[in-house]
J.: 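Encoded as structure tokens, here's the structure I'll be asking about.
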Amino acid sequence: MKGEMISVSIDTVVGETAKIKVEGYRFVTMSCAELDQTMIDILYHFDKDLELKHLRLTVLRDTPVPSVSPVYFAAFLVENEIQDLFAVRFKGLAIDYERTLYLDEEVKVTPFCKYTVEKTGWGVGSKQ
Amino acid sequence: MFKRMITESRIKSPWLLHYDCGSCNGCDIEVLACLTPVYDIERFGIVNVGNPMHADILLVTGTVNHRNKKVLVNLYDQMPHPKVVVAIGSCGLSGGIFREAYNVVGGVDKVIPVDVYVPGCPAKPEAIIDGVVIGLQKFHEKM
Amino acid sequence: MTPNIIRNFVTKRATRRYPHEVRAPFEGARGELYNEIEKCTFCRICAVKCPSQCITVDKKTATWECNPFACVYCGICVDVCREKCLHQKCQYRPPVCEREIIFMKGKTKKTG
Amino acid sequence: MVTNEWNIVIVEELVFVLIVLPFLAAICSYLIRSGAVRSFIVLATGSLMAASALLLIPRVPFAFSPKALFGVGVHDIILAADFFLLFLILYFGFKHHSLVIKILALFQIVLMAYLEFFLIRDDAAFLTIYCDNLTLIMVLIISIVGSIICVQAIPYMKNYEEHLDLKKSRQHRFFFVMILFLGAMNGLVLSNDMVFFYFFFEVTTLCSFLLIAHDGTETAIKNAVRALWMNSLGGAAFIVALVLIYKEMGALDMQRIVHTSPAAGLCLLALALLCFAAFTKAAQFPFQGWLLGAMVAPTPVSALLHSSTMVKVGVYLVLRLAPAMNGTFLSQCVALFGGFTFLAAAALAVGQSNGKKVLAYSTISNLGLIFACAGLNIPEAITAAILLVIFHAVIKALLFLCVGTIEQHIESRDIEDMRGLYAQMPLTALTTVMGVIMMIMPPFGVLLGKWMAMEAAARNLYVIIMIALGSALTVMYWARWAGTLMSDPFAGRFRPERQPLLTWAALASLCAGGGVLSIAAPWLYSRMIIPALNGNYVPPYTVHVGILENSFGVFPVLPLCLVAALGFVISIWAVRRAARARIIAPYLSGLQTAEPGVFRGPMNRLVKAEARNYYLSSIFGEERLTTWINLGAAVLLTLLVGGAL
Amino acid sequence: MINTCALILAGLVAAPLAGGLVNGLDRILTARFQARVGPPVVQPFYDVVKLLGKEKTVVNVWQAFCAYCYLAATAISVVLFFLQSDLLLILFIQAVGAVFLVIGALSSTSPYSQVGAQRELLQILSYEPLLVLVTVGIYLETGSFKIGQVYAWDEPLLLKLPFLFVVLGYALTIKLRKSPFDLSTSHHGHQELVKGLLTDYSGPFLALTEIGHWFEVVLILGLCSLFWATSWIGMIIIVATTYFLEIVIDNVSARMNWRWMLGYVWAMGLTLSVVNLVWLYVR
Amino acid sequence: MPQIIPFGPQHPVLPEPIHLKLSVVDGIITEAVPAFGFVHRGLEKLADIRDFHQMIQVVERVCGICSMMHAMCYAQGIEEIMGVEVPPRARFLRVIWAELHRMHSHLLWLGLFADSFGFESLFMQIWRIREKVLDINEATTGNRIIVAVNVIGGVRTDLNQEQMRWILSELAEVEKEIRRLETTLMDDYTVKKRTVCKGVLTRSQAFELGLAGPTLRASDVAQDMRMLGYAAYNELDFEPVVEKDGDCYARCKVRFRETLQSIDIIRQAVSKIPEGELSAKVKCRPDGESVSRVEQPRGECFYYIKANGKKNLDRLRIRTPTFANVPAILAMLPGMWLSDVPVIVLSIDPCIACTER
Ligand code: NFV
Ligand code: SF4
Ligand code: SF4
Ligand code: SF4
């Protein structure tokens, strides 16, 4: 894969992101992929003058991940998306859609988890 | 006689409401293209009113998903009778290539009754015009 | 803008008066599918490769079925058919009021 | 001969009923503190006054001098009362620590003393009571509209005090002043002696002060004090004018002034000062403050101040004096000033969401228009002015009573809170809308007046521009309000709400009055207004099957009324039919839910779609405009008084 | 009497027909300007008949009331015009129609019609004074507000009131709901407020407002014709040219916001009128 | 108390369903909260049931406006994993169709933009020109919009000399027509009134928000993925189009100039195109991770592909330019007039189908 790859942990991800921001990188997006039953891979992609830089965060699915949206506001959208699709919880989102970004209550399972995870609502939205 | 005049006028003055129900934009822009000088569907008195309260024909493009189906039903309910629904593109007909995706309910007819099906991906403007014309014939039946 | 609209006003209109005036479809336009069923060997390649999974082929009964409402007219099946019996007309498939299915029945061939 | 004398006797009795009876009734209702008795007194006085006013109709014009009241010379009574009044004002000045009031009161006392004890030599060289059709119109307005307001105040105040949880009822005080006010107003319009006039002028000042202060809260007191000093300013100007007039003419005979036209010299200055006094009473800019502040009082007070009393003193005075100003620069200034006020107040009203404030500004604005008409001083304009006075009184009273009723129900006077009021109180809402319609739409009287005013003003560039702009603004703030009241997604059955009988009676009579008078406008014109022009002006319009016409304009009142009635009936029929139509949800971009006006917003939350009128506070806000408007008005006033010098 | 009845009838029947035709021509011309073919001339009639035949749906029954009132007011104003009544009065009555339209729009809770209504009020605010000033100009020139006398004037008013004619043009653009003033609703199929103050009118009630609009068109064009009333040809020329220019302007400009409209129309309109009026006074 | 207005999902000036909950005070926006999900289909997940060849057709239908580039981006990603060398002719052909797509997308946008401020006739003019581009698409590939020319390893369809000449002559026409509209789009009083100083984003704001494409370039950031040199862009001569002001007018200018730039690029590509194979043979299955980026009409499109040697991909993640540009709407709307909402929303050229996939 093109671009430098840095591994981070839950504790360092926000700090690392902030550092990258200071270096003048632009936030591109995040990707998420399921590794196995419990582990999930979250990639943060950044760009500076067409050079990419990635952070790789490998976490347990049910550990809440700190949001980087306070650093890069633009991240709120993709974090909400991951919340919706992978049942990963982000803490401290700038705007939290509470898992209603894309999916309505009719969709019962978290779609991108091959090992079925019930879609449970965290917020007001899905309760009604 | 008066009745005939009204039916005649209905056929001569169909106002469109186009709702993009999760289309990939392909069919969507083809619908818009019908309004442009090259196809100029205003020749048939067609106006894109964009308001269910005024519309006679509901053009639906795209797949129905769980969120927009509520909107679709709302819009359909707001249209005064008689009304015709034209589903456009594979997506609108059956969900097309996406019909197995998790957030896709299927074609438009899963949610509201459809009068005309216009196949294609995207459906060509000519096909859409044909579809509307066929839809207009339905007004004869829907007195 | 004024010169533009004045030009429009005096020159010919851009409108093609469909359906009174039908432009011949472009050659190679990807329209409706049809199968020369006599040539078809029911090898199922088209069905497998179709990205929309809308072709059903049954070798036993020698039927070839396509759901034109799910087909995305991409032409992959035409490309992959070894017998070259699948074609796309230049004409698009006309709109209809009922659901339909393209159903073709050929002769069962002995596989050799 | 006998009949004539008999006539005079009756007239004297009627005038007594109109002026003195209210004073007596007021005292009674102050002393007898029983709700039922009070109600009876109010109702009885009201009906007596209304009846006498009506009985007066066939008996105008007349004039006489009452010799004595209860055995004492009338002039002496008035004089004594006047001093008493001025000292009372002075007392209030001390009580509320208002330097301005103190100075003004002292100033008036001194001048009054000077006038009475040093200047005036032979009193009553002329008839002190004078009544022509202009007076009659005023008397009718005061006695009928004013009484209706008082009647409505009975249930209103009961409710009001229940709401406030008062230990001790203060209604006796309230009704005391209210009834007194009516008497004073009648006295004012009927006096020909300007000293009398001045006395009643001061009584109204004081009454308004007491009414505004009724609640006794801090703001109430503050606003009352403001009203007092502003009106005292008018009083001061008035008395200066009296001195000047006396010096010039040797008599304080109103009719004399009117007939020396055009006035010149000191007399003109006196007229200017009288106009100034009128402007303060009519709360024209820059004295609008007191009228706006008056809204702290219970709504019937506002209704009274705005429609039939107080502010009408101003326009009456100017209208009365208009012939004297005819053709002078002063008159033009008055027109300009009126036009300016009309425009400015309308602009301010656009910026308001407070219903009562809108009404207040609209009053100021309408009075401005009347002043403009008086200033234009041509027959059409004067006719317009009189029509406007009549219709404004009726409809403004109606609107205020409506707002009062609404306010008691929803506990807010903000227009935004009245959104969809139709769902809660359909009948009141409809009445209000009806009032608004009568305010801005032909063939109703106000518009008839405005039409005359515009055609009359067409030759005066500045005035017509201001009127044109002003009336567009007027349409804006009224229409928006009416629409807001009806803004309601439900279409249930029409079920009138419950209200006390007296409230309904008041609303219904005013509403019907506005309508009937509008239809009767041609009759009103030929029967009441032509005589009211008093020979000073040529009757401007011809009346022919209910069509008013002059050489350059025509207003088919009666035909239009018929057509409008027809249209109205058809529309009502349409509503009944539409009630059977399918009710659909309003357009909410396809997100509507079963609940009306609620949509499914972001995060699947249910959100209410809120609408709000544009009040354009960035353009028409009070903070933005008031200073400039006051400045403009001050300049015009200086021009007005200075020009007369 | 017979004459009067004939005129009333003409006003009631011929005016909407003419208005509809003008609308149809408008649509064709617009289409031509856009290199399109456009609908048939009688398209507006098809539209209205269709709407009349549709299901009745309402958001609030008062809408129906207001639609009827709007229609009635505009019809009366046109009839009065035909009866050669008072210009100012006609303006008042026409304003009644506009106000009822606004009240009707306000009676729905949809923010779109609400905002549309607010904008319509601002439009009324913009053009109403101008129309009054135009009539004042006419009065100053001809000495009368009565249309009969204005028509009888022996000199085209255009010569004396050129600026006021431009001012009338502004009012015309606003009333015809044309760009750049199509704020509250536009004569095109849709606009940013969906259909602005007509959003929640539907079916037959929408048809009524449409017919009302035809009356308005006739009225406004009638006002235009006053400016060259000395001959039939002149009248036709002036009306046709004005309308043609209206359509051109519509096609070469974007929609503006109300703030601009209010500022521009008042500033330009008032200046032009004052200049023209002062000239009339001074003469 | 603000007024709450639901803007969308069905709204005539919004070509696509997105919802904005607008809070408005006296006609001025104070807050805008978006809602999504009206177009979400979940097609990334289809990778589980479609093989990686079939996914080309699926990603083409992420969006009809930029379909060709989606397929190209995807194909490039897979090609990178598999180490397939795309034949030069195919690379040039990809450029030609990509630029045609950019043109039709930009023209489409210019038209919709005109419609957003109520300039109907301008909309008609622009869309009329656009038809020519679509005709080119149809004549050369068989479909007006979804061209379906990409396959893994190259392209499916060829252009012969005559076709290329025809394309150039058609484009010359198009250029002439576009230039005719230049004065209107760039100088018209009313257009400027509606676009200048609306929704201003400064250079740093734009960068912070992570914007992409013309929206970013209009704020004076010269970022263009084509400079990466994918397909045949490294052999062509062009510069990113940049504007300084960062308002809606600047965005309009950028797109207008880019449309002309595309014509130029196509001319260059046609003149430089080599003869040769159309596609490389692809036999094995992909295994590994890659990211692929192309410059879509709306900006940088980002694909993350993870394959594990099976015929179905493990994960396909698509980040489209509008996804990156949505925060711009939220940043721009507050303080603007209600009537500017369509103009501002459209100024980023939102494509919701892309955003939500
Ligand atoms: N350009 C583009 Fe797309 C992609 N990817 C984007 O937002 O159009 Ni539908
Ligand atoms: S049918 Fe095809 S073109 Fe139309 S919306 Fe669906 S995928 Fe797009
Ligand atoms: S690929 Fe060709 S031969 Fe084989 S089944 Fe399909 S159509 Fe028949
Ligand atoms: S054209 Fe495409 S979608 Fe249609 S049957 Fe063939 S392969 Fe399937």
Side-chain angles (χ1 to χ4, degrees), chain D residues 420 422 433 440-442 447 451 454-455 458-459 461 464-465 467-469 471-473 475-476 479-480 482-484 486-491 551-556 560 563 567-568 570-572 574-575 577-588 596-597 609-614 619, chain E residues 55-65 67-69 72-73 76 85-86 88-89 92-93 95-96 99 102-115 117-118 121-122 124-125 128-129 132-133 136 139-140 143-146 149 194 199-200 202 205 262 270 273-274 277-278 281:
Chain D
Y422 179 67
V433 172
I440 52 174
M441 285 185 192
L447 237 278
W451 170 79
M454 279 195 182
E455 298 211 336
R459 292 219 170 265
L461 182 59
I464 187 66
I465 289 181
I467 295 184
L469 294 178
S471 38
L473 288 164
V475 168
M476 172 146 179
R480 158 179 99 186
T484 309
M486 310 309 289
S487 179
D488 159 30
F490 316 98
S551 66
F552 51 86
V554 46
F555 197 119
L560 270 187
V563 175
F568 191 75
I570 294 179
S571 304
I572 290 291
V575 168
R577 290 208 21 190
R580 274 180 275 148
R582 181 160 70 104
I583 306 292
I584 49 174
Y587 178 83
L588 289 174
E610 300 275 356
R612 197 181 149 82
N613 292 329
Y614 284 6
I619 307 178
Chain E
E55 181 197 14
K56 280 203 194 69
T57 55
V58 287
V59 171
N60 177 342
V61 284
W62 286 104
Q63 272 189 330
F65 178 81
Y68 274 93
C69 285
I76 295 172
S85 185
D86 190 287
L88 208 52
L89 176 64
F92 285 159
I93 292 181
V96 169
V99 168
V102 169
I103 297 183
L106 282 173
S107 73
S108 150
T109 48
S110 162
Y112 290 98
S113 55
Q114 292 272 345
V115 175
Q118 303 299 329
L121 281 174
L122 288 162
I124 296 177
L125 188 56
E128 201 67 13
V132 171
L133 292 181
V136 166
Y139 163 71
L140 286 179
S144 178
F145 283 101
K146 291 186 214 161
Q149 288 177 29
V194 186
T199 304
D200 282 344
S202 61
F205 306 117
L262 201 60
L270 284 184
S273 343
V274 167
L277 289 176
V278 164
Y281 277 110

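Bear in mind that the values here come from a model prediction, so they are computed numbers and not experimental data. Residue numbers begin at 1 in each chain, while the letters A, B, ... track the order of the sequences.
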J.: Determine whether D/V475 and E/E128 make a side-chain contact, defined as any pair of heavy atoms from C-beta on separated by less than 4.5 Å.
T.: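 D/V475 vs E/E128: side chains apart.
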
J.: Is any side-chain heavy atom of D/F568 closer than 4.5 Å to a side-chain heavy atom of E/F65?
T.: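 Yes, close enough: below the 4.5 Å cut-off.
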
J.: I need the residue from E/L106, E/L122, E/I103, E/D86 with the largest number of non-hydrogen atom pairs under 4.5 Å to chain D.
T.: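 Of the options given, most contacts go to E/D86.
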
J.: Atom CZ in E/F92, atom CZ in D/F555: separation rounded to 0.5 Å?
T.: 8.0 Å

J.: Among D/M441, D/E455, D/M454, which residue has the highest count of heavy-atom pairs closer than 4.5 Å to chain E?
T.: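 Answer, by heavy-atom pair count under 4.5 Å with chain E: D/E455.
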
J.: Side chains of D/N613 and E/L121: does their closest heavy-atom pair fall under 4.5 Å?
T.: no

J.: Could you tell me which of D/G553, D/G420, D/A479 has the largest number of non-hydrogen atom pairs under 4.5 Å with chain E?
T.: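 Between D/G553, D/G420, D/A479, the count favours D/G553.
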
J.: Which atoms of D/S551 are under 4.5 Å from chain E, going by heavy atoms: the side chain, the backbone, both sets, or neither?
T.: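 Backbone only.
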
J.: For D/S487 and E/T109, work out which heavy atoms get closest and say how close.
T.: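 Heavy atoms of D/S487 and E/T109 come nearest at OG-CG2, 4.0 Å.
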
J.: Counting only heavy atoms closer than 4.5 Å, note whether E/Y281 contacts chain D via side chain, backbone, both or neither.
T.: side chain

J.: Under 30°, 30 to 60°, or over 60°: which ring-plane class applies to E/Y112 and D/Y587, parallel, tilted or perpendicular?
T.: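 Perpendicular, since the angle between the ring planes exceeds 60°.
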
J.: Between atom OG of E/S273 and atom CD1 of D/I464, what is the distance when rounded to the nearest 0.5 Å?
T.: 11.5 Å

J.: Between chain E and each of D/L560, D/I570, D/T484, count heavy-atom pairs under 4.5 Å; write down the option with the most.
T.: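 Of the candidates given, the most pairs with chain E belong to D/L560.
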
J.: Given that the side chain runs from C-beta out, which part of E/L89 has a heavy atom under 4.5 Å from chain D: side chain, backbone, both or neither?
T.: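 Both parts, backbone and side chain.
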
J.: Of all heavy-atom pairs between D/P556 and E/S85, which one has the smallest distance, and what is that distance?
T.: CD-OG, 4.4 Å

J.: I'd like to check D/L469 versus E/L270 (side-chain heavy atoms, cut-off strictly below 4.5 Å). Are they in contact?
T.: yes

J.: Quickly, which of E/V274, E/V132, E/V136 forms a side chain to side chain contact (heavy atoms under 4.5 Å, CB included) with D/I465? Name it, please.
T.: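 Running side chain to side chain contact (heavy atoms under 4.5 Å, CB included) over E/V274, E/V132, E/V136 with D/I465 returns exactly one hit, E/V274.
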
J.: Out of E/Q118, E/Q63, E/Q114, return the one with the most heavy atom pairs under 4.5 angstrom to chain D.
T.: E/Q118

J.: By a 4.5 Å heavy-atom criterion (distance strictly below it), what part of D/R577 contacts chain E: side chain, backbone, both, or neither?
T.: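 Answer is side chain: those atoms of D/R577 sit under 4.5 Å from chain E.
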
J.: Would you mind telling me which of E/L125, E/L262, E/I93 has the largest number of heavy-atom pairs within less than 4.5 Å of chain D?
T.: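 So the answer, after comparing E/L125, E/L262, E/I93, is E/L125.
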
J.: Please state whether the side chain, the backbone, both or neither of E/T57 comes within less than 4.5 Å of a heavy atom of chain D.
T.: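 Interface part for E/T57: both.
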
J.: Using the ring of each side chain (for Trp, its six-membered ring), is D/F552 parallel, tilted or perpendicular to E/Y139, with breaks at 30° and 60°?
T.: tilted

J.: Among the options D/A472, D/A574, D/A581, D/S571, pick out the one with the most heavy-atom pairs lying under 4.5 Å from chain E.
T.: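 Looking at each option in turn, the highest pair count goes to D/S571.
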
J.: Indicate the atoms forming the closest heavy-atom contact of E/N60 with D/M486, along with that distance.
T.: ND2-O, 3.0 Å

J.: So, for D/A585 and E/V59, which heavy atoms are closest and what is the spacing to 0.1 Å?
T.: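 Here D/A585 and E/V59 meet closest at O-CG2, 4.2 Å.
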
